[in-house]
Structure formats: C-alpha cells, structure tokens
Protein chains: 2
Amino acid sequence: MRMSELSATTVTPVPTLKFYLREHLLHAGERTSPNQSQYDETHVERVRLVRALLEVGGLSVAQAATVIGVLTDDSIPLSSVFGVAQRAVTMPAPLTRESRGDGAARIAELCERRGWTVYPNNPGLALAARVVDTYAELGVDVITEAVLEPYAEAADLVAGADLAAVAAAPSEAGMTTVVAVGTVLGDALFAGLRRIAQEAESFRRFPLPEGTPAPGTTYTDEDC
Amino acid sequence: MRMSELSATTVTPVPTLKFYLREHLLHAGERTSPNQSQYDETHVERVRLVRALLEVGGLSVAQAATVIGVLTDDSIPLSSVFGVAQRAVTMPAPLTRESRGDGAARIAELCERRGWTVYPNNPGLALAARVVDTYAELGVDVITEAVLEPYAEAADLVAGADLAAVAAAPSEAGMTTVVAVGTVLGDALFAGLRRIAQEAESFRRFPLPEGTPAPGTTYTDEDC
DNA sequence: CGACTATAGACAGTGACACTATCGATAGTG
DNA sequence: CACTATCGATAGTGTCACTGTCTATAGTCG
C-alpha cells in the first residue's frame, strides 16, 4: 500500500500522515527504494488509533505519542501500562500549582475509607484534590460525603469494569491496547453517559409541568 | 477595588483581565470616570470561576463564556441550565461526523433498559455513541454489556449525587451555579477518582510479585 | 503644581499547536 | 518519456489564549 492509498482508506490527508510520521505517531513504512515505502494494515490501524486519541480522547499530539510509545515499547511491563497511560492522559498543567486547600487530605481520607491503596504519585490523587480545592475556592461547598461517596462508588464500579475488560483480552499485547485505549476513551464514555443520566435524573426529580416538551423516544440519533 | 488590586488578589496579570473583559468572561466594573472603574468581590469570584473553568475544567474561552452566560442570564429556566451547560462543555467537533457504527443504537438500547428518558439532542447520546463506535473501529471489542452496565450504573450514581447537590443549594441562583460548575468539574473529579480506583483495583486483581514496590500510605500529597 | 504611576481602550504581537503547502530530486506507470 | 506519486526538508497557515504597546486621561504624593 502506498501513502496515497493509506491516505484514502483512513480519510486523512497525505501531509497529515507525513506530519504523523515526523511526530512518531505513525511508524515508518517498509522502504522499497530511497523515496518509496510500503504501508500495510498496521499503518491503517495506527492512523485510526491516532485519530481516536486526538479527536475522541482530546489528547494533544505529544500525549498521543506517549500513549503510542507505551503500546510499542515491549519493555514496559503490563503493570506499569496503566500508570504510564494515566500520566500521559491526565493534563499536567493544573496539577503543578500546589493545592492550598485540604483537598489532598479529603481525598486521602476517602482512599483510606474505601481501602484504595495507590502510589502517592497516582495522577488521580492530585487531580481529584485539585478539583475539591477548586470547588472550595469557588465557595460551592457541595463536595460533602454525600457527593464524594457516590462518586467513589461509581469510580469503583467503572474501574472494576475496566480491569475486567483488560483481563478478558486474549494476549498481553491486547491487554496493553485495552489499557491505553480504555484509559482515554473510558473518560469520554463515562462523560457521555453521565450527561444522559443527569438529564434523566433531572426529569425524575423535577417533573415537567403539564406543559408538553416531553422527551420523545430515547433512541433518535438525529441531532442537527 | 482597582484593576491592579483585582489582579493581585486573583493572581492574574492585568492584560489577562483586560482580555477577559473583552471576551465577556468578566463583567465591567463600575465606571467612576472615563478611564477608571471600580471592581468588587463579584469580580474576584468571577475571575476565580473563569480560571477554574479554563484550567481545571479544560474549557476554551468560548465555552467558558457560554457557561458564564448561562449563570448571568436570568431568563434561562433552571430546567434548561443543565442542557445548556452540557452542550457548552461537551466538545462538539467529534460529534459532527455522523457515526457509521451501531453505537447510537447500542446507547439507545441502554437508555431503554435503564429507563433513561432524555431528549434526543442530549449531547451525551452522541458522545457515548461516538465512543462506542470508536472502540469498534479500533477493533477493541470490549464494550460488551459487562462493561456498559457498570458504566451506566456508575453514571446513575453520579447523576443522583449531582442532582442531590443541586437540590440542596439554598437559592435558585445557587442551583444554577452548582449545575454549571458541577457539570464542568464533575467530569474532572470523576476522572481523578477513576484513576485512583483503577490502580487500586489493579493491585487487587494482579497482586505485586514478592518484589517490593508496594504502595506506601495513600495519603502522601507530595509528588514532584 | 508637577512628577509619577495607574487606567481604559484599541490594536498589534507572541508562542504553542496541529496541521498544510511547497520544493527538489527521484521512482513508478501507461 | 510524459506524468503522477513519493520522500524528506523546510516553511507557512490558522487558531487560540494570552501579552505587549500606545495614547490620553486620572489619581496620588511631595
């Protein structure tokens, strides 16, 4: 397969593919001459993965390169893949400024309560602490036990499903892929489901007045 | 309070505040003369909110402006705030290309199974469908019932907590703020907790070999 | 009163980022 | 042998979130 064919099957412009090659998001093809290369199915899959990470996962090119590095590097043990993928995906900027509140302590307490044992450099600790502090700084003190507990329970449910999916993968390479892809896409999947559940729950709690903007069937996928 | 004082208390450069004024993220101060304005506590809170939306929530300036518009506009009924906030926050780009897979159908089926009644233009529907399709396109067919169900159950838990927090707000204005802030920060909070729970669950499923990189206490917030 | 700093408003500039375009030399193709 | 495609390098584009500069005016201190 030549580059133009790769471009056609992946619906990605040739200059973009060249850019991905430069950025090591895409591995080089097999050289047949100084200025010709052959691409194969692995390149098609890789481009699809890259576009999924960038478009659906919202990663930057640098983050995507890190994730792909994890998939490619055989020397990284499976047990580390989660950590590397998590760290690559979790935006680092907000975590730099050290928290001024008690968010870290609240999250640590939550971990203890739930029996969550994690390394102290788990990016989720800093992220969650930062969010709790931010709520406090905004004067929106809704982050009570009554909120944190359901969130934590939900996180446990999702993490259980995530790990079950990983364990179900046929090969170790498959597991690695599931971890990397699942870390990125899982956030988006949950965000979508949360929006749906929020609206449904909102209807349950605050029923519409007799006015009639009742939601029709759920399963209409036309929305323009 | 003059602009320099606002700048000092919010740790935000003056040019940035001017930029926020131009972009309508920050309301104008009270004019005392053609080139002087007074700012007050509402401006301090607003700047904090803006920075929370941008840094922690990861919104663009345009998205943040939409969210702030919801908070400011008294004519928007509370029942619509969720929808507007969700639509402002959910990234629109990935949703434009219509799904080629059966993701929409799978999500619709899930909604029916769980009794979720929502408007067909709920952004979560398109987002979740897109993610499901993306998994399929990547050949990672882990999105089975065994995964979707826990995710959905978790979404219900979180949405229940979200709505309870909203209902607990003292005033309608407070409710609006909780909705807008919670929609944005809730995603981040859950993402953080999910990372923690993933690692904890990973230790449960795949205990460390007798080698000793055992995670220490959970509640260390030093991570540099 | 006058030096000095701060301010509003307008507008131009910056750096990061994700592409996108062009070019020259070569390679395959009808 | 014309003609398109490709490689690699380099440069350019558009967007975004600021950031800097300028002018005219306002407050502030000695």
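Just so it is clear: chains get the letters A, B, ... in the order the sequence lines come, proteins before strands, and each one is counted from 1.
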With A:Asp40 via side chain to side chain donor-acceptor pair (under 3.5 Å) - residues at least two apart: A:Thr42, A:His43
Where protein sits on nucleotides 9-27 of chain D, one letter per nucleotide: B base, S sugar-phosphate only, - none, heavy atoms under 4.0 Å: -B------SBB-----BSS
Side-chain (A:Gln86) to main-chain (B:Arg195) donor-acceptor, under 3.5 angstrom: yes
Spacing of B:Leu26 atom CG relative to C:dT7 atom C1', expressed in whole Å: 15 Å
Gap between atoms CD and P, on A:Glu23 and C:dA16 respectively (whole Å): 14 Å
Donor-acceptor pair between A:Tyr135 and A:Arg130 side chains, under 3.5 angstrom: no
Nucleotide C:dT7, atom C1' - distance to NE2 of B:His43 in whole Å: 15 Å
Value in whole Å for how far the C1' atom of C:dA8 lies from CD of B:Gln38: 14 Å
Any B:Tyr39 side-chain N or O less than 4.0 Å from OP1/OP2 of C:dT7: no
Under 3.5 Å side-chain donor-acceptor pair for B:Arg51 and B:Tyr20: yes
Side-chain N,O (B:Ser4) to OP1/OP2 (C:dA6) below 4.0 Å: no
More than 12 heavy atoms from other groups under 6.0 Å of CD on B:Gln38: yes
Length of the CD-P vector between A:Gln63 and C:dA18, whole Å: 9 Å
Heavy-atom check, side chain of B:Leu26 versus side chain of B:Val50, under 4.5 Å: no
